[in-house]
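First up is the structure itself, then whatever we jot down about it.
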Number of protein chains: 2
Amino acid sequence: MNRHELVNLIKERQSYLCVGLDTDITKIPRHLLSHADPVFAFNKAIIDATKDLCVSYKINTAFYECMGIRGWESLQRTVEYIPSTHFTIADAKRGDIGNTSTQYAKTFFETYNFDAVTVAPYMGRDSVQPFLSFHEKWTIMLGLTSNEGSKDFQLTPSGDEMLYEKVLKAGMSWGTPDNMMFVIGATQSAQLAYIRQLVPDHFFLVPGVGAQGGNLQEISAVAMNKDCGLLVNASRSIIYAGNGEDFAQDARVAAQALQQEMAEYLDVALAAG
Amino acid sequence: MNRHELVNLIKERQSYLCVGLDTDITKIPRHLLSHADPVFAFNKAIIDATKDLCVSYKINTAFYECMGIRGWESLQRTVEYIPSTHFTIADAKRGDIGNTSTQYAKTFFETYNFDAVTVAPYMGRDSVQPFLSFHEKWTIMLGLTSNEGSKDFQLTPSGDEMLYEKVLKAGMSWGTPDNMMFVIGATQSAQLAYIRQLVPDHFFLVPGVGAQGGNLQEISAVAMNKDCGLLVNASRSIIYAGNGEDFAQDARVAAQALQQEMAEYLDVALAAG
């Protein structure tokens with residue numbers, strides 16, 4: 001999916017919501033455990049209940065990998081089930097020397113046909129570049145993450161800037177607003193306005209709303225750009241909104257609350273833009 | 001496997017060689033392609049031919065992931081086939097927020113029963129900590145990598161040190177020499193003596209010998225400690241040493257050349273220690 005298509009979806013659906021499918025078999029409703037593939041049964045129900053409210057689904061690969069081969073089967077069924085009208089993200093945080101990163105890029109862009117994959121920057125340019133050479137595919141590089149550990153390195157001085165600033169500037173020079181996004185945590189409100197000034201055009205994937213405590217209104221007010229420029233992810237607060245027979249309906253209600261807020265913020269931003 | 005057992009293996013086998021199973025189906029001898037699982041058939045032959053010469057096998061997960069489910073099947077068969085007298089490393093370079101890193105730790109330590117997994121540090125302490133809570137399992141954190149891109153962030157100033165120094169010091173405070181190792185690239189010869197001074201006790205996993213050009217003699221002279229403290233990895237220069245019917249014998253010859261060099265350096269170091 002290219003940028004033009006993504007921006008159009010956001011406008012049509014009045015949403016920049018990404019639903020995170022961090023599906024943990026120990027947390028899904030017990031009645032699903034009799035299915036041949038309970039994780040896929042859960043994801044299918046969540047997708048059916050939320051697809052008109054979101055523009056993207058993000059699959060956190062860790063939750064699938066830890067189940068071994070049947071986890072990868074659930075992942076494959078899920079990504080094949082997501083409608084082509086949704087931007088698909090493999091939240092895999094890969095990154096290695098060039099010939100290995102090429103294999104990771106093939107994994108997520110070809111074997112599983114995701115639109116985007118998250119990538120860790122520590123190993124530098126030649127670890128990121130292989131992901132950027134795929135047509136209409138996206139690299140989402142870690143910038144400033146939502147967790148406490150962001151203080152350990154990302155928010156430490158690197159010359160006369162913070163490390164995350166150096167990383168963002170490097171990422172901007174490696175990719176373009178058409179093939180590179182950045183992960184910017186929703187909990188980093190003190191930095192958000194500055195980051196948008198530093199990176200005016202790129203999309204941000206913003207995790208940390210919901211279970212991690214980030215505030216959607218604040219993020220939207222300071223970090224939206226003329227093309228929206230945001231994909232705000234919520235995982236646990238949507239998919240585990242309920243835990244009974246009606247879990248998918250509960251997920252829909254949680255997703256709808258976010259989407260309705262987003263529609264308001266989009267109106268304001270697009271009217272101003 | 002604990003540190004005491006690993007050090008004993010190194011002394012017994014007179015080797016600190018780690019053979020990297022970066023097995024690419026497009027590069028293995030063509031006569032293997034008729035096997036039901038060509039990647040496993042290749043790995044099995046390499047393991048049979050090299051197991052008395054090395055103390056460790058490192059599986060680069062990217063090469064398996066890119067083949068989808070049958071790649072994970074090959075990976076599982078391979079890790080199950082490696083003798084319990086070898087230290088097994090999942091070279092996966094994972095790292096995410098705490099609850100996700102816990103899933104990755106379960107993946108490699110429980111689902112696949114590796115001894116160790118490589119971890120990327122960018123997201124800080126709470127992204128690494130979950131890997132450290134498993135008994136007699138090891139976290140191998142990226143310190144200073146062997147690739148050109150190490151100059152982009154790792155070798156840039158962070159306060160009055162380099163970023164990789166900050167990362168190594170942080171890693172030393174998070175783990176111990178009994179559950180934490182560091183990746184230090186063989187191509188970083190200018191920094192190796194200093195790094196060993198900074199980190200006297202931990203094991204280093206040293207990739208970059210062979211195809212990437214690192215020099216075994218130099219590494220061993222400056223970075224060995226009283227327990228050896230090195231696992232030197234070679235992948236392509238061993239596993240693709242030959243490409244015919246005799247590929248496993250060719251791999252053995254390449255591994256043996258490294259092992260014989262290592263035996264000399266161990267004699268010198270252990271005599272001095």
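Please read all numbers here as calculations on a predicted model, not as lab measurements. To find a chain, count down the sequence lines: A is the first, B the second, and so on, and within it residues start at 1. All values below come from the heavy atoms of this structure, side chains included, with hydrogens, waters and symmetry mates left out.
Heavy atoms of S150(A) lying under 4.5 Å from chain B belong exclusively to its backbone. Interface remark: Q76(A) contributes side-chain atoms only to the contact with chain B (heavy atom separation under 4.5 Å). Neither the backbone nor the side chain of P207(B) comes within contact range of chain A; no heavy atom of the residue lies under 4.5 Å from a heavy atom of that chain. With a 4.5 Å cut-off on non-hydrogen atoms, V128(A) does not touch chain B at all. Looking at T100(A), the atoms closer than 4.5 Å to chain B (heavy atoms on both sides) sit in the backbone and in the side chain alike. With a 4.5 angstrom heavy-atom cutoff, N60(B) touches chain A only via side-chain atoms. Of the atoms belonging to T118(A), not a single heavy atom falls under 4.5 Å from chain B. F108(A) touches chain B through its side chain: at least one heavy atom from C-beta onward sits under 4.5 Å away, while N, CA, C and O do not.
For the options P121(A), G71(A), G98(A), S146(A), heavy-atom pairs under 4.5 Å to chain B are most numerous at P121(A). Between chain A and the residues Q154(B), E148(B), Q129(B), K151(B), the largest count of heavy-atom pairs under 4.5 Å involves Q154(B). Chain B forms more heavy-atom pairs under 4.5 Å with one residue of Y112(A), Y122(A), F153(A) than with any other, namely Y122(A). Across M67(B), R94(B), E73(B), the residue that shares the most heavy-atom pairs under 4.5 angstrom with chain A is R94(B). Per-residue heavy-atom pair counts under 4.5 Å with chain A were compared for D22(B), L144(B), L142(B), and the maximum is reached by L142(B). When each of K106(B), E110(B), R236(B), M162(B) is scored by its heavy-atom pairs under 4.5 Å with chain A, the top score falls to R236(B).
Distance alone, capped at 3.5 Å, places no donor-acceptor pair between the S127(B) side chain and the I97(B) backbone. In this structure a side-chain-to-backbone donor-acceptor pair under 3.5 Å is present from T111(A) to C66(B).
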Taking it one step at a time, do F114(A) and I89(A) satisfy side chain to side chain contact (heavy atoms under 4.5 Å, CB included)? CA-CA 6 Å; F114(A) 281 94; I89(A) 302 170; 5.6 Å; no
Let's go through T78(A) and N43(A) carefully: what are the C-alpha distance in whole Å and the side-chain angles of both, what is the deciding distance for side-chain hydrogen bond (donor to acceptor under 3.5 Å, both in side chains) to 0.1 Å, and is it a yes or a no? CA-CA 7 Å; T78(A) 302; N43(A) 289 346; 3.0 Å; yes
Quick one: do Y194(B) and E165(B) satisfy side-chain hydrogen bond (donor to acceptor under 3.5 Å, both in side chains)? Show the steps, please. CA-CA 10 Å; Y194(B) 170 69; E165(B) 295 176 67; 2.5 Å; yes
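Between F42(A) and Y240(A), the ring planes are tilted. Angles from 30° to 60° get that label.
Atom NZ of K169(A) sits in a crowded spot, with more than 12 heavy atoms from other residues, nucleotides or ligands closer than 6.0 Å.
Between the side chains of Y164(B) and Q191(B), at least one donor N or O lies within less than 3.5 Å of an accepting N or O.
At a threshold of 4.0 Å, the pair D91(B)-K93(B) counts as salt-bridged, since one of the basic side-chain nitrogens sits closer than that to a carboxylate oxygen.
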